[in-house]
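Written out below as structure tokens is the structure these notes cover.
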Amino acid sequence: MKKILCLFSALALVLTSCSSDDAADASSSLKPSKVAYSYSDAKDNYFSEMKYEGNKLVTETDDDGYTIKYHYIDDLISKTEEFGTDKALQSTTEYSYSAGKLASETVKNTGETRYYKTKYTHNGDGTVSFAEFYINAKTGVEEEGGKIGKYTYKDGNLVKYESSFYGKPNSTYTYEYDSKKNPTANVTGIKLLLGMEESASANNVVKITGTSSTSTFVSTFSYLYNDSNFPTEKKQFGNGGALNETAQYTY
């Protein structure tokens, strides 16, 4: 009897181990394939669908046809292109890297006479400083845009954003998070992009507090999760606790 019990115990351990490994494998491949957004006025509701090659995001397409295309060099997002509902190119964002970290991003809006460039400096204390510039679309000449700031990260999450405009404090945002997995946790290259608290952080933001010289606002978030600790639903509440948006995730 003891031998039989030992056999069943050993078998149970093997099955448990396999089950855990399978769950881990499934968790490591989960990526959102569709996000449906709903609002108090149903006519504003829409959804966005994502397509991938492996773990690389290829496109995000809204139900009205608006599309973002992603381009990679190796595992780094090198460029995104945004197309309107008429399929015309609206803007291009180009990303450059240094030592595997984001060094700059340049936004080129179709038909505009200047581009918008943000340069990043990765500091020894783990913060990232940024400065914004304008670029003449014809000559390539850069001029300062007047806005500078700093991102503070902790445990893979953006926890503070500070900015000033021509030397005067502009705004400050602080962010709080849960301990669950961000929907984009397995999407290649996303985590290297900066200033994106919802899509490029390790966990899910539960509170944002913003302050400026004239006002303060607080936005909170609640979630439902699946067995792999990924959100299946996110609700965003504005000042006063009013529900602003509900997002439902399909993986």
Side-chain angles (χ1 to χ4, degrees), residues 50 52-53 55-60 66-84 88-175 182 184-202 205 208 210 212:
M50 298 78 177
Y52 303 86
E53 290 182 358
N55 285 338
K56 293 180 179 179
L57 181 58
V58 177
T59 58
E60 289 184 71
Y66 174 86
T67 300
I68 303 175
K69 293 184 178 180
Y70 292 78
H71 301 266
Y72 286 78
I73 296 178
D74 297 325
D75 287 338
L76 303 176
I77 296 173
S78 59
K79 181 173 69 174
T80 61
E81 296 174 302
E82 299 184 28
F83 297 85
L89 179 65
Q90 292 186 339
S91 69
T92 299
T93 302
E94 298 172 350
Y95 301 94
S96 70
Y97 300 83
S98 177
K101 296 179 178 180
L102 187 64
S104 70
E105 63 180 277
T106 303
V107 179
K108 300 179 178 180
N109 295 319
T110 301
E112 292 195 1
T113 58
R114 63 182 182 179
Y115 304 143
Y116 305 90
K117 186 172 186 177
T118 305
K119 297 180 181 180
Y120 301 101
T121 301
H122 295 261
N123 305 313
D125 61 359
T127 62
V128 182
S129 301
F130 68 85
E132 296 186 355
F133 297 82
Y134 299 122
I135 302 176
N136 186 295
K138 288 185 178 180
T139 66
V141 174
E142 291 184 5
E143 62 175 294
E144 292 184 358
K147 187 176 181 179
I148 62 173
K150 182 171 67 175
Y151 298 116
T152 301
Y153 284 83
K154 182 180 180 182
D155 300 326
N157 294 315
L158 174 65
V159 295
K160 191 174 185 180
Y161 163 90
E162 304 165 86
S163 69
S164 63
F165 192 67
Y166 288 107
K168 296 182 179 181
N170 186 33
S171 59
T172 299
Y173 293 85
T174 58
Y175 307 89
N182 190 287
T184 63
N186 296 320
V187 180
T188 300
I190 288 289
K191 296 296 181 290
L192 295 177
L193 305 184
L194 295 169
M196 303 166 65
E197 75 282 352
E198 289 194 51
S199 60
S201 287
V205 64
I208 302 174
S212 68

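The model shown is predicted, which means the values in this text are computed figures rather than measured ones.
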Practice task
Using modelled atom types only, decide if a donor and an acceptor are shared between the side chain of Y72 and the backbone of L57 within a distance under 3.5 Å.
Solution key: yes
Handout entry: Parallel, tilted or perpendicular, as decided by the 30° and 60° cut-offs, for the rings of Y173 and Y175
Key = parallel
Problem - NZ-CG distance between K69 and L89, expressed to the nearest 0.5 angstrom - result: 9.5 Å
Handout entry: Main-chain N/O of G189 paired with D75 side-chain donor or acceptor, under 3.5 Å
Key = no
Practice task
Check whether any side-chain heavy atom of H122 lies under 4.5 Å from a side-chain heavy atom of L194, and answer yes or no.
Solution key: yes
Problem - Taking every non-hydrogen atom, the tightest pair across N170 and F165 - result: CB-N, 4.1 Å
Problem - cation_pi(K119, F133) dist<6.0 Å, angle<=45 - result: yes
Practice task
Establish, from distance only, whether the side-chain atoms of T184 and K191 form a donor-acceptor pair under 3.5 Å.
Solution key: yes
Exercise for the section: Please lay out, stage by stage, how Y116 and Y134 fare under the test side chain to side chain contact (heavy atoms under 4.5 Å, CB included). Expected result: CA-CA 5 Å; Y116 305 90; Y134 299 122; 3.5 Å; yes
Practice task
Write down the atom of G195, the atom of Y153, and the distance for their closest heavy-atom approach.
Solution key: N-OH, 3.1 Å
Problem - N136 side chain to T139 backbone, donor-acceptor under 3.5 Å - result: yes
Exercise for the section: Start with the C-alpha gap between K160 and T172, add the side-chain angles, then the distance that decides, and say whether side chain to side chain contact (heavy atoms under 4.5 Å, CB included) holds. Expected result: CA-CA 7 Å; K160 191 174 185 180; T172 299; 3.9 Å; yes
Practice task
Please determine which of Q90, H71, K108 meets the side-chain hydrogen bond (donor to acceptor under 3.5 Å, both in side chains) test together with E81.
Solution key: H71
Practice task
Please determine, by modelled atom types, if S96 and S104 share a side-chain donor-acceptor pair under 3.5 angstrom.
Solution key: yes
Handout entry: Test item: N123 side-chain N/O and D125 main-chain N/O as donor-acceptor pair under 3.5 Å
Key = no
Handout entry: Mutual orientation of the aromatic rings belonging to Y151 and Y161 [parallel < 30°, tilted 30-60°, perpendicular > 60°]
Key = tilted
Practice task
Determine the minimum heavy-atom distance between I190 and A200, stating which atoms define it.
Solution key: O-CB, 3.5 Å
Exercise for the section: Indicate whether any N or O donor in one side chain lies under 3.5 Å from an N or O acceptor in the other, for Y120 and E105. Expected result: yes
Problem - Between CE on residue M50 and CD on residue E60, distance to nearest 0.5 Å - result: 4.5 Å
Fill in the blank from the handout: Heavy-atom nearest pair, A103 first then S98, reads CB-N, 4.1 Å
Practice task
Report yes or no: is the cationic atom of K56 (NZ for Lys, CZ for Arg) closer than 6.0 Å to the six-membered ring centre of Y70, at no more than 45° off its axis?
Solution key: no
Fill in the blank from the handout: Scanning both residues in full, the closest heavy-atom pair of I77 with L193 reads CD1-CD1, 4.2 Å
